[in-house]
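Data block below; observations after.
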Amino acid sequence: MRENASPSAPVLHPDRPNVLPLEGDIDLHVSPAVTESLTAMIRKEPKRIVVDLSRATYIDSAGLAVLIIAMQEVEAYGGKFFLSGLQETLRSIFETSRLERVFRIFPDVDAALAASTA
């Protein structure tokens, strides 16, 4: 775990039930809590889920795996899975792993929520 890791559990906001804001390092230690939050959201089968990464500082392979699995589960029932707010560090990780080609990434939550589901 990196020194500046912030292992806080994700918190869902009632005013935006389809948005999962994450912050700090999304790594092996935080991934189970992220999985739990996403699973709870996916169970309700919303038309779209947005993961807000604007306050995330780092993501490792465990965190990436959680997002990939969640995206597959959402798409399996016909929903859309979006990421938003990638800062430069995260954007670099997604580009290096070529995952920016896999995920639909938006500059911010509002843009993702406004995006066409087509």
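Only this structure's heavy atoms are used, side chains among them; waters, hydrogens and symmetry mates stay out. The model shown is predicted, which means the values in this text are computed figures rather than measured ones.
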Distance-only, no hydrogens or angles: does the [X] side chain make a donor-acceptor pair with backbone N or O of [Y] under 3.5 Å?
{"X": "Tyr77", "Y": "Pro46", "value": "yes"}
{"X": "Thr96", "Y": "Ile93", "value": "no"}
{"X": "Ser31", "Y": "Asp27", "value": "yes"}
{"X": "Arg91", "Y": "Gly85", "value": "no"}

Output, in order, the C-alpha distance, side-chain angles, deciding distance and verdict of side-chain contact (heavy atoms from CB on, under 4.5 Å) for Ile49 and Lys80. CA-CA 6 Å; Ile49 290 178; Lys80 302 292 182 185; over 6 Å; no
Answer yes or no: is there a side-chain heavy-atom contact under 4.5 Å between [X] and [Y]?
{"X": "Phe103", "Y": "Met71", "value": "yes"}
{"X": "Val66", "Y": "Leu64", "value": "no"}
{"X": "Ser54", "Y": "Gln87", "value": "yes"}
{"X": "Leu67", "Y": "Ile59", "value": "yes"}
{"X": "Leu113", "Y": "Phe82", "value": "no"}
{"X": "Leu83", "Y": "Val50", "value": "no"}

Interatomic spacing from [atom1] in [X] to [atom2] in [Y] - rounded to 0.5 Å:
{"X": "Leu38", "Y": "Leu20", "atom1": "CG", "atom2": "CG", "answer": "5.0 Å"}
{"X": "Ile42", "Y": "Glu73", "atom1": "CD1", "atom2": "CD", "answer": "4.5 Å"}
{"X": "Thr39", "Y": "Lys44", "atom1": "OG1", "atom2": "NZ", "answer": "12.0 Å"}

Please check if any side-chain donor atom of Asp25 sits under 3.5 Å from a side-chain acceptor atom of Thr57, or the reverse.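 On atom types as modelled, these side chains qualify, holding a pair under 3.5 Å.
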What are the two closest non-hydrogen atoms of Glu100 and Glu95, and how far apart are they?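 What the structure gives for the nearest pair is OE1-CA, 3.2 Å.
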Is there a chain of hydrophobic side chains (I, L, V, M, F, W, Y, each step under 4.5 Å between heavy atoms) that links [X] to [Y]?
{"X": "Phe81", "Y": "Val102", "value": "yes"}
{"X": "Val34", "Y": "Ile68", "value": "yes"}
{"X": "Leu28", "Y": "Leu90", "value": "no"}

Over 12 foreign heavy atoms within 6.0 Å of CD, Glu36: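 It does not: Glu36 CD has 12 such atoms or fewer within range.
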Asp52/Leu22 under side-chain contact (heavy atoms from CB on, under 4.5 Å): CA gap, chis, key distance, verdict: CA-CA 6 Å; Asp52 179 6; Leu22 300 177; over 6 Å; no
